[in-house]
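Written out below as C-alpha cells is the structure these notes cover.
Predicted model, so just to flag it, every value in this text is computed and none were measured.
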Amino acid sequence: MLCGLTAGVWLGAAEAPTKLVTAGFSPFTISLCMVAGVFTARWTFPTLLKGTTYVFADLLEKKHLIVWAILAGALWAVANTLTVFAVRDVGLTIAFPLWNTNSLVGLLWGRLLFGELKGAGRGNILKVLLGTVLIIAAAILLGFSSIKAGSSMGAHVGGGLLAALGASLMWGTMYVPYRKAYLSGMNPLSFVTAFTVGELVTMLVLVWTLDGGANAPAFHFAVIRPVLFWLFLGGMIWVVGDLFQQFACKYLGIGRGIPLSNTNQLWGLAWGALVFGELRHADSAHRALVIAGSVLMILGALAVSTAVASAKEQTSVNQALARECDRYGLDYQRTLLAQTGEEFDRSERRRWWDYAIVVAACGVFLFLATEAQRPALSMNVRWIAVLAVVLVFSLVAASMRLYRQTRFS
C-alpha cells in the first residue's frame, strides 16, 4: 500500500518542473523532451539498484515479455499524446478527471484477465469499488476547483472529450502488460527498462510525423536548451513515482495499486496551489471544492488500502499465475517465489559499465542544469521545502520497506 501512495506523491510532484516551462513549444516537443528524461532515468535506477547483469538476465529468461513491455510503452506514448489534444480542446480541468478513470478500466481488466477480486469477500469488493469511485469523484471536484473565471473550452469539445476518454482507455489497458509480466515473475526494474524503449520510439515517430519532421524544435538543441533541464527533471521525478506504481501493481494488483497511485492529482494540486499560488484568488466555493475533493480522495485511498486480499482471492491469482506458466513453459514454484518477492538467487554484481551509465546520466543532468534558465515565475520557497521533505520521507520509507521485504525484486 505504501508503494501506491508514494507513487501518487511523486507522480503529482512531476508536474511541478514542467510548470516552469512557459516557452511556446508544441506539446509534442515538450512530451518528447520529457520522455528523453524518462529514458535516462529509467536506465539509471535499475542499473543502480540491481545492475545490468541482473536486468538483462531477467529479460532474456522471459523473452516473450519484452514485446509486452515495448507495447506498454507505446500505449503510454499514445495516451500521453491524446491528453495533449484533450487539454487543448477542453482544458486540464475537464480532461484530468476523465483520463483518471483509467483506474476503473484497469480494475475491469484485472478482474476479467487475472482473477483479481475473484473470491474476495463482499467487504473487500465494496472497499475497492467505493474507494475507486471516491478517488475519481475527488479528482472531478479538484478539477473543477481549478476553473478560472472567464476560461473557455476549445472549439472541438467533442474531440477533446473523446481524446481524454481514449487516454483513459489506453492507460487502463497499459496495465495489462504490467500485470502479465509480474505474474510471470519479472522484476519491475527489468520491465521498465524495455518499457522505455517503446515510449521513446513511439514519441520519436509521433514528433516526426506530427510536429514538423526534422524541423521540430525537439531535434534542435540550441532552441530547447533553456527548458530542457526542467523537462528532464520532470521526467526523472515521474520515473521514481512510476517505479513505485510498478511495484504496487506487482504486489497489490491493478485494482488496488492504480487507484492509490491516482492520488497524484491531490499532490499535483498541492504543488499548484501552495507553491505556485494557483488558488490565490479563488473564491470560497472553489476552496470548498478543494477541501471536499481532498477529503474524498483521502477516504478513497483509505478504503482501498484496507482491502487486504483474502486467501480465496489469492488462490484465484495463483491460478492466473499457473496459466501463464503453462502457456510459456515457466517453472511454477520459481515463478511464484519471484512474484511474491522471494526471488531466487541471481547475480547482482556491478560491472564497470554500470557505474559508467550512472555517471553519464548524472553528467547529463548536471550539464543541462548549467544551461537551464530559471523562468520568471513566482514560487513559495517555504512550501517547496515542505513538499520536498514529504517527497524525501516517502521515498526513504517506501524504499526501506521494499528493500527489507523484497530487496527490490
If you count every heavy atom of other residues, nucleotides or ligands that lies below 6.0 Å from [X] atom [atom1], does the total exceed 12?
| X | atom1 | answer |
| --- | --- | --- |
| Tyr328 | OH | yes |
| Arg401 | CZ | no |
| Tyr332 | OH | yes |

Closest heavy-atom contact between [X] and [Y]?
| X | Y | value |
| --- | --- | --- |
| Leu368 | Phe229 | O-CB, 3.4 Å |
| Met186 | Ser190 | CG-CB, 4.1 Å |
| Lys50 | Asn187 | CE-ND2, 3.9 Å |
| Leu206 | Thr81 | CD1-OG1, 3.0 Å |
| Ile70 | Ala194 | CG1-O, 3.7 Å |

**OP:** Examine the side chains of Gln245 and Tyr178 and answer whether a donor and an acceptor come within less than 3.5 Å of each other.
**Re:** no
Original post:
So, Asp354 versus Thr47: side-chain donor-acceptor pair below 3.5 Å or not?
Top reply: no
Hey, are the side chains of [X] and [Y] touching, using non-hydrogen atoms and a 4.5 Å cut-off?
| X | Y | value |
| --- | --- | --- |
| Phe191 | Lys62 | no |
| Phe244 | Ser261 | no |
| Trp109 | Tyr175 | no |
| Pro46 | Tyr54 | no |
| Trp68 | Leu65 | yes |
| Glu199 | Arg42 | yes |
| Thr40 | Met236 | no |
| Thr53 | Arg350 | no |

**OP:** Mind telling me whether Trp43 and Phe56 have parallel, tilted or perpendicular rings, with 30° and 60° as the class edges?
**Re:** tilted
**OP:** Over 60° means perpendicular and under 30° means parallel, so classify the ring planes of Phe408 and Tyr403, tilted if in between.
**Re:** tilted
**OP:** Could you tell me the separation between the CZ atom of Phe232 and the CD1 atom of Ile237, rounded to the nearest 0.5 Å?
**Re:** 14.0 Å
**OP:** Kindly determine whether Val192 and Phe45 satisfy side chain to side chain contact (heavy atoms under 4.5 Å, CB included), including the steps that lead there.
**Re:** CA-CA 10 Å; Val192 299; Phe45 288 112; over 6 Å; no
Using distance only, find each side-chain donor-acceptor pair of residues 380-389 under 3.5 Å and give its atom names and separation, not counting sequence neighbours.
unit_1 : atom_1 : unit_2 : atom_2 : d
Asn380 : OD1    : Arg382 : N      : 3.1
Asn380 : OD1    : Trp383 : N      : 3.2

